[in-house]
Amino acid sequence: MAVRRPAGSASLDAAGVTDPQLRADLLECRALHAEHGKTYFLATALLPPSKRPWVWALYGFARYADEFVDSLTDPDPDALVAWSDGFLASLDGRERPSEPVGRAMLATVRRWDLSLGTVTAFLDSMRADITTTHYPTYADLQQYMYGSANVIGLQMLPVLQPLPGAEAEAAHRAELLGEAFQMSNFVRDVGEDLDRGRTYLPDEDLAAHGVDRELLLHGRRSGALDRRVVELLRFEVARTREVYREAEPGIALLHPTSRDSIRCAFELYGGILGAVEDAGYRVLDQRVSVPLPRRLAVALPALGRARAARREMTRWRALAA
């Protein structure tokens, strides 16, 4: 009887990953990605198999770090500090990561020559969540999002392969897309973040709409939805959509075999904002999501286009040879 290989093995083969330990580490990241990042995991499946394992590692690293401070049941900020210090030491060879996610991320950093500054900025933002509970202005929030979201776009970029000569513009648009994704999450997760003792929507926006933390907490506890909160959320949705518009031209600057994946993520994450509207902005007492039929309606046609793009690239390589 043939031995059934773990899901994801074919992608590891395509990526040229032969080391048994690294294969196991990347599959651990894949499991984190599949469980906690369903929208992003779906979009990642549209990439060529050789690129997918490295995206699993980037997502797994971000999720693993985030859970230290965002867990609603067992947060452990001291462990975040110790773990992040250890990982940073591994970047210059002083230590070796002792757990799968760190080992997979270290291999990804080396494989794609990722900027170490992006890793440091990300971990700095994760540490900020230990002590920072609110952001006075949108500019302040953007400084946080640079590390929590923008740099992930920059880390993804080498894997996605920007077109020659378009690297700088693609990087700018990738940062904007990371910001748009993060803001979509902040709008959706206002209620959950209150449970963590944080508000990410800027203080200046709350004040401009006559909202304060107590009003948000009241809505979280009672389910009441004040019109002022609705207007605040409507404002944040509109601003976030503008960031999506600014980011969108970057998709065309990517390698043809990467575009459908990022287009799928673009539409599904952007769809979170529509889901918030469809729910009547009731994000304080419930979690909204993009319905499965909508996710499939976006992903299935994109899968067909992605496969066609890979076939076309294979044909052109054969002709060039």
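Please read these numbers as outputs of a predicted model, since none were measured by experiment.
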*Asks:* Is the shortest heavy-atom distance from the side chain of D195 to the side chain of R220 under 4.5 Å?
*Replies:* yes
*Asks:* Salt bridge between R30 and D25, side-chain N to carboxylate O under 4.0 Å?
*Replies:*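 Salt bridge flag = no for D25 with R30.
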*Asks:* Using a 3.5 Å distance criterion without hydrogens, assess whether the side chain of S50 forms a donor-acceptor pair with backbone atoms of A14.
*Replies:*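 It does not hold such a pair.
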*Asks:* Grab the two heavy atoms, one from A275 and one from S289, that are nearest each other, plus how far apart they are.
*Replies:*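 Closest heavy-atom pair between A275 and S289: CB-O, 3.6 Å.
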*Asks:* Closest heavy-atom contact between L253 and A170?
*Replies:*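 Minimum heavy-atom separation between L253 and A170: CD1-N, 3.8 Å.
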*Asks:* With distance as the sole criterion, is a donor-acceptor pair present between the side chains of T137 and D140 under 3.5 Å?
*Replies:* yes
*Asks:* With rounding to the nearest 0.5 Å, note down the distance linking CG in L160 to CG in L47.
*Replies:* 6.0 Å
*Asks:* Would you call D113 and R110 a salt bridge, taking side-chain N to carboxylate O under 4.0 Å as the test?
*Replies:*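 Looking at R110 together with D113, the answer is no, because their closest N to O distance does not fall below 4.0 Å.
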*Asks:* Are F266 and F181 an aromatic pair by the rule of ring centers under 6.0 Å?
*Replies:*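 Aromatic pair excluded; centres sit 6.0 Å or further apart.
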*Asks:* Return the CD to NE2 distance between E204 and H209, rounded to the nearest 0.5 Å.
*Replies:* 11.0 Å
*Asks:* Under 4.5 Å between any side-chain heavy atoms of K51 and Q161, yes or no?
*Replies:* yes
*Asks:* Return yes if some donor-acceptor pair links the side-chain N/O of T120 with the main-chain N/O of L116 below 3.5 Å, else return no.
*Replies:*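 Between the backbone of L116 and the side chain of T120 there is a qualifying donor-acceptor contact (under 3.5 Å).
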*Asks:* With heavy-atom distances below 4.5 Å as the criterion, would you say the side chains of R263 and E267 are in contact?
*Replies:*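 Yes; the side chains approach each other to less than 4.5 Å.
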*Asks:* Checking N185 against Y269 for the side-chain contact (heavy atoms from CB on, under 4.5 Å) test, could you report, in this order, the C-alpha distance in whole Å, the side-chain angles of both residues, the deciding distance, and whether it holds?
*Replies:* CA-CA 8 Å; N185 288 339; Y269 270 94; 4.0 Å; yes
*Asks:* Look up atom CG in D129 and atom OG in S148, then write down how far apart they are to the nearest 0.5 Å.
*Replies:*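 Spacing of CG (D129) from OG (S148) equals 8.0 Å.
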*Asks:* If you measure from the Lys or Arg side-chain nitrogens to the Asp or Glu carboxylate oxygens, is any gap between D13 and R5 under 4.0 Å?
*Replies:*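 Result for this pair is yes, salt bridge flagged.
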*Asks:* Going through the checks in order, is the side-chain contact (heavy atoms from CB on, under 4.5 Å) test met by L12 and W56?
*Replies:* CA-CA 11 Å; L12 295 172; W56 302 338; 4.2 Å; yes
*Asks:* Would you indicate whether the side-chain heavy atoms of M183 and M145 approach each other to under 4.5 Å?
*Replies:* yes
*Asks:* Decide, yes or no, whether a salt bridge links D189 with R196 under the criterion of side-chain N to carboxylate O below 4.0 Å.
*Replies:* no
*Asks:* Could you check whether any side-chain heavy atom of L154 comes within less than 4.5 Å of a side-chain heavy atom of E175, counting everything from C-beta outward?
*Replies:*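 Contact flag for L154/E175 side chains = yes.
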*Asks:* What are the two closest non-hydrogen atoms of L194 and L284, and how far apart are they?
*Replies:* CD1-CD2, 4.1 Å
*Asks:* Closest heavy-atom contact between G60 and L32?
*Replies:* O-CD1, 4.0 Å
*Asks:* Can you tell whether the side chains of R234 and E231 come within less than 4.0 Å, N to carboxylate O?
*Replies:* yes
*Asks:* Could you tell me whether a side-chain N or O of S71 sits under 3.5 Å from a main-chain N or O of F68, the two making a donor and an acceptor?
*Replies:* no
*Asks:* What do the steps show when you test D226 against V230 for side-chain contact (heavy atoms from CB on, under 4.5 Å), and what is the final call?
*Replies:* CA-CA 7 Å; D226 191 284; V230 171; over 6 Å; no
*Asks:* If you count heavy atoms of other groups shown closer than 6.0 angstrom to CZ of R239, is the number above 12?
*Replies:*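 Yes, CZ of R239 has more than 12 neighbouring heavy atoms, counting only those of other groups under 6.0 Å.
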*Asks:* Using the rule given for side-chain contact (heavy atoms from CB on, under 4.5 Å), can you reason through V187 versus I272, listing the C-alpha separation, both sets of side-chain angles and the distance that settles it, and then say yes or no?
*Replies:* CA-CA 9 Å; V187 169; I272 292 172; over 6 Å; no
*Asks:* Examine distances only and state if a side-chain atom of T199 and a backbone atom of L201 form a donor-acceptor pair shorter than 3.5 Å.
*Replies:*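 Judged by distance alone, no pair lies under 3.5 Å.
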*Asks:* Answer yes or no: is there an ion pair linking R245 with E242, defined by an N-O contact shorter than 4.0 Å?
*Replies:* yes
*Asks:* How far apart are the closest heavy atoms of T108 and A57, and which atoms are they?
*Replies:* OG1-CB, 3.2 Å
*Asks:* Whether the side chain of R52 engages the backbone of A45 through a donor-acceptor N/O pair (distance < 3.5 Å, no angle test) should be reported.
*Replies:* yes
*Asks:* Are side-chain heavy atoms of F87 and L106 found at a separation under 4.5 Å?
*Replies:*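 Yes, side chains in contact.
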*Asks:* Counting only N and O atoms by type, is there a donor-acceptor contact under 3.5 Å from the side chain of Y40 to the main-chain atoms of Y59?
*Replies:*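 It does not hold such a pair.
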*Asks:* Is there a donor-acceptor pair under 3.5 Å between the side chain of S222 and the backbone N or O of A224?
*Replies:* yes
*Asks:* Would you confirm whether the ring centroid of F61 sits within less than 6.0 angstrom of the ring centroid of W83?
*Replies:*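 W83 vs F61: aromatic centres under 6.0 Å.
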*Asks:* Any heavy-atom pair between the side chains of R103 and P97 that's under 4.5 Å?
*Replies:*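 Result yes, sub-4.5 Å side-chain heavy-atom pair found.
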*Asks:* Is there a continuous path of hydrophobic side-chain contacts, each under 4.5 Å between heavy atoms, that joins Y64 to I130?
*Replies:*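 Yes, Y64 and I130 fall within the same hydrophobic cluster.
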*Asks:* In terms of relative ring orientation, are W54 and W112 parallel, tilted or perpendicular, with 30° and 60° separating the classes?
*Replies:*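 Judged by the thresholds at 30° and 60°, the geometry between W54 and W112 is perpendicular.
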*Asks:* Check this for me, if you would: do E246 and R173 make a salt bridge, where the nitrogen-to-carboxylate-oxygen distance has to be below 4.0 angstrom?
*Replies:*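 Salt bridge between E246 and R173, a charged N being under 4.0 Å from a carboxylate O: no.
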*Asks:* Indicate yes or no for a side-chain donor-acceptor contact from S261 to the backbone of S258 under 3.5 Å, with no hydrogens or angles considered.
*Replies:*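 No.
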*Asks:* Checking the side chain of R23 only, and the main-chain atoms of V17 only, is there a donor and an acceptor separated by less than 3.5 Å?
*Replies:* yes
*Asks:* Is there side-chain contact between H33 and R63, with heavy atoms separated by less than 4.5 Å?
*Replies:*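 No; the side chains remain at least 4.5 Å from each other.
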*Asks:* CZ of R213 to CG of L216: how many Å apart, nearest 0.5 Å?
*Replies:*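 Output value for this atom pair is 8.5 Å.
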*Asks:* Same hydrophobic cluster for F186 and F235, using side-chain heavy-atom links shorter than 4.5 Å among ILVMFWY?
*Replies:*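 The answer is no; the residues belong to distinct hydrophobic clusters.
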*Asks:* Can you tell me how far CG of L177 sits from CD of Q182, rounded to the nearest 0.5 angstrom?
*Replies:* 12.0 Å
*Asks:* Is it true that S184 and Y244 share a donor-acceptor pair across their side chains at a distance under 3.5 Å?
*Replies:* yes
*Asks:* Looking only at non-hydrogen atoms, find the nearest pair between A121 and V151 and report the distance.
*Replies:* CB-CG1, 4.0 Å
*Asks:* Mind checking the CG-CZ spacing from L80 to R127? Nearest 0.5 Å is all I need.
*Replies:*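 If we round to the nearest 0.5 Å, L80:CG and R127:CZ are 6.5 Å apart.
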